[in-house]
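Written below as structure tokens is the structure these notes are about.
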Amino acid sequence: MNYFILKLIGVFLLIATLGSCVKDTDFDQFDQTLLTPIIDLNLVFWEVNAPSFNSTSGNLPLGTVRDTTEIRFLDDPDTQDSVVRADFLFEFENTSDSGYDLVIDFVSLSGIVTYSLQTSINTGSQSQPEQQVLLQEILAPEVMNVTQAGLIAISAIAQGLPPQQGSLSMKSKARFYLEISGQ
């Protein structure tokens with residue numbers, strides 16, 4: 001009998017506790033909520049061997065290689081509007097006997113360049129690769145130009161004569177900072 005009364009009191013206390021937690025909740029305060037997620041993405045990875053610079057592909061001049069990749073992870077207009085900052089990290093390694101000028105274009109699906117980055121990579125060698133890191137932080141309102149892109153186009157142009165040996169490789173990551181309000 002005592003055990004039954006203890007169970008009854010326990011259930012009563014549990015119901016009273018749960019009822020009091022819900023009773024004082026003001027769901028109208030959700031309008032004042034600000035979520036700040038951070039999204040990390042691997043962006044583009046590629047390696048171009050020296051012979052690729054010695055042939056003309058399409059309408060590109062000798063000594064130029066271009067790669068285009070879709071980046072359609074920000075297609076939703078609400079997501080695009082929520083991005084307040086983007087950080088791009090590009091890591092290059094050059095083991096070829098040529099330096100390079102690199103152009104990284106963010107391109108809309110209609111073919112318009114919305115944002116562009118440029119850098120140069122020094123000559124390297126098989127025994128002593130040239131390594132370079134490019135970190136680009138883009139803040140609002142300029143970050144909107146990046147979020148409008150559906151493609152990333154990377155052009156590597158050999159400085160001087162096209163390389164005869166080695167390769168140029170790139171790894172890249174992106175970090176997007178969002179602010180999502182409850183309104």
Side-chain angles (χ1 to χ4, degrees), residues 34-53 57-58 60 63-160 162-163 165-181:
L34 181 66
L35 302 174
T36 57
I38 297 172
I39 301 170
D40 287 322
L41 302 169
N42 291 325
L43 197 55
V44 177
F45 295 81
W46 57 254
E47 183 172 0
V48 181
N49 294 317
S52 298
F53 287 92
S57 61
L60 297 175
T64 302
V65 173
R66 183 174 172 101
D67 182 38
T68 304
T69 304
E70 275 193 19
I71 54 167
R72 300 190 59 177
F73 48 84
L74 292 173
D75 282 348
D76 180 54
D78 291 333
T79 304
Q80 291 173 350
D81 292 340
S82 299
V83 177
V84 294
R85 175 179 162 189
D87 296 343
F88 291 94
L89 176 68
F90 296 94
E91 297 176 348
F92 302 97
E93 181 176 275
N94 184 9
T95 62
S96 73
D97 55 350
S98 178
Y100 299 93
D101 293 321
L102 277 99
V103 178
I104 303 164
D105 289 330
F106 292 85
V107 183
S108 70
L109 293 176
S110 60
I112 298 169
V113 175
T114 59
Y115 192 82
S116 186
L117 302 168
Q118 298 180 2
T119 190
S120 294
I121 309 296
N122 294 328
T123 302
S125 68
Q126 297 285 348
S127 60
Q128 290 187 320
E130 175 67 25
Q131 296 183 347
Q132 183 173 332
V133 174
L134 172 64
L135 176 63
Q136 184 72 32
E137 296 176 0
I138 307 166
L139 304 173
E142 193 175 24
V143 74
M144 191 64 139
N145 296 333
V146 172
T147 63
Q148 299 300 310
L151 304 167
I152 184 168
I154 302 160
S155 300
I157 302 112
Q159 298 169 344
Q165 60 184 359
S167 64
L168 175 65
S169 63
M170 180 190 81
K171 296 186 281 186
S172 61
K173 296 181 182 234
R175 176 174 280 175
F176 292 94
Y177 298 84
L178 286 75
E179 287 186 358
I180 303 168
S181 67

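For reference, positions follow the sequence shown, starting with 1. Not measured: the values here are computed from a predicted model.
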Kindly compute the distance separating [atom1] ([X]) from [atom2] ([Y]), expressed to the nearest 0.5 Å.
X    : Y    : atom1 : atom2 : value
D87  : F176 : CG    : CZ    : 9.5 Å
Q148 : N145 : CD    : CG    : 7.5 Å
I39  : L178 : CD1   : CG    : 4.5 Å
D67  : S155 : CG    : OG    : 9.5 Å
I38  : R85  : CD1   : CZ    : 8.5 Å
M144 : I138 : CE    : CD1   : 13.5 Å

Give me the one residue out of L89, T119, L117, V146 that meets side chain to side chain contact (heavy atoms under 4.5 Å, CB included) with Q136.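 Single side chain to side chain contact (heavy atoms under 4.5 Å, CB included) partner of Q136 among L89, T119, L117, V146: L117.
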Verify, without hydrogens or angle tests, whether [X] (side chain) and [Y] (backbone) share a donor-acceptor contact under 3.5 angstrom.
X    : Y    : answer
T69  : I152 : no
Q132 : S120 : yes
Q80  : T147 : yes

Let's go through F88 and L134 carefully: what are the C-alpha distance in whole Å and the side-chain angles of both, what is the deciding distance for side chain to side chain contact (heavy atoms under 4.5 Å, CB included) to 0.1 Å, and is it a yes or a no? CA-CA 8 Å; F88 291 94; L134 172 64; over 6 Å; no
Test side-chain hydrogen bond (donor to acceptor under 3.5 Å, both in side chains) applied to Q131 - qualifying residues, sequence neighbours left out: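 In terms of side-chain hydrogen bond (donor to acceptor under 3.5 Å, both in side chains), with neighbours along the sequence ignored, Q131 is linked to E93.
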Non-neighbouring partners of Y100 that pass ring-ring contact (aromatic ring centres under 6.0 Å, His included), sequence neighbours left out: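 Here the qualifying residues are F53.
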Looking only at non-hydrogen atoms, find the nearest pair between [X] and [Y] and report the distance.
X    : Y    : result
L151 : E70  : CD2-CG, 3.6 Å
V143 : A86  : CG2-CB, 3.6 Å
N94  : G99  : ND2-CA, 4.3 Å
T123 : E130 : O-CB, 3.7 Å
L168 : W46  : O-CZ3, 3.4 Å
A149 : T114 : CB-OG1, 3.7 Å

Verify side chain to side chain contact (heavy atoms under 4.5 Å, CB included) between T95 and Q165, making sure each step is shown before the conclusion. CA-CA 8 Å; T95 62; Q165 60 184 359; over 6 Å; no
Looking at residues at least two apart in the chain, or sitting in another chain, which of them share a salt bridge (Lys or Arg N to Asp or Glu O under 4.0 Å) with K173?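 If we apply the salt bridge (Lys or Arg N to Asp or Glu O under 4.0 Å) test to K173, skipping adjacent residues, there are no hits.
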Residues Q118 and D101: side-chain donor-acceptor under 3.5 angstrom: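 The criterion, which ignores hydrogens and geometry beyond distance, is not satisfied for D101 and Q118.
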Do S98 and S96 pair up side chain to side chain, a donor and an acceptor below 3.5 Å, judged on atom types alone?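 Checked: S98/S96 side chains show no N/O donor-acceptor pair below 3.5 Å.
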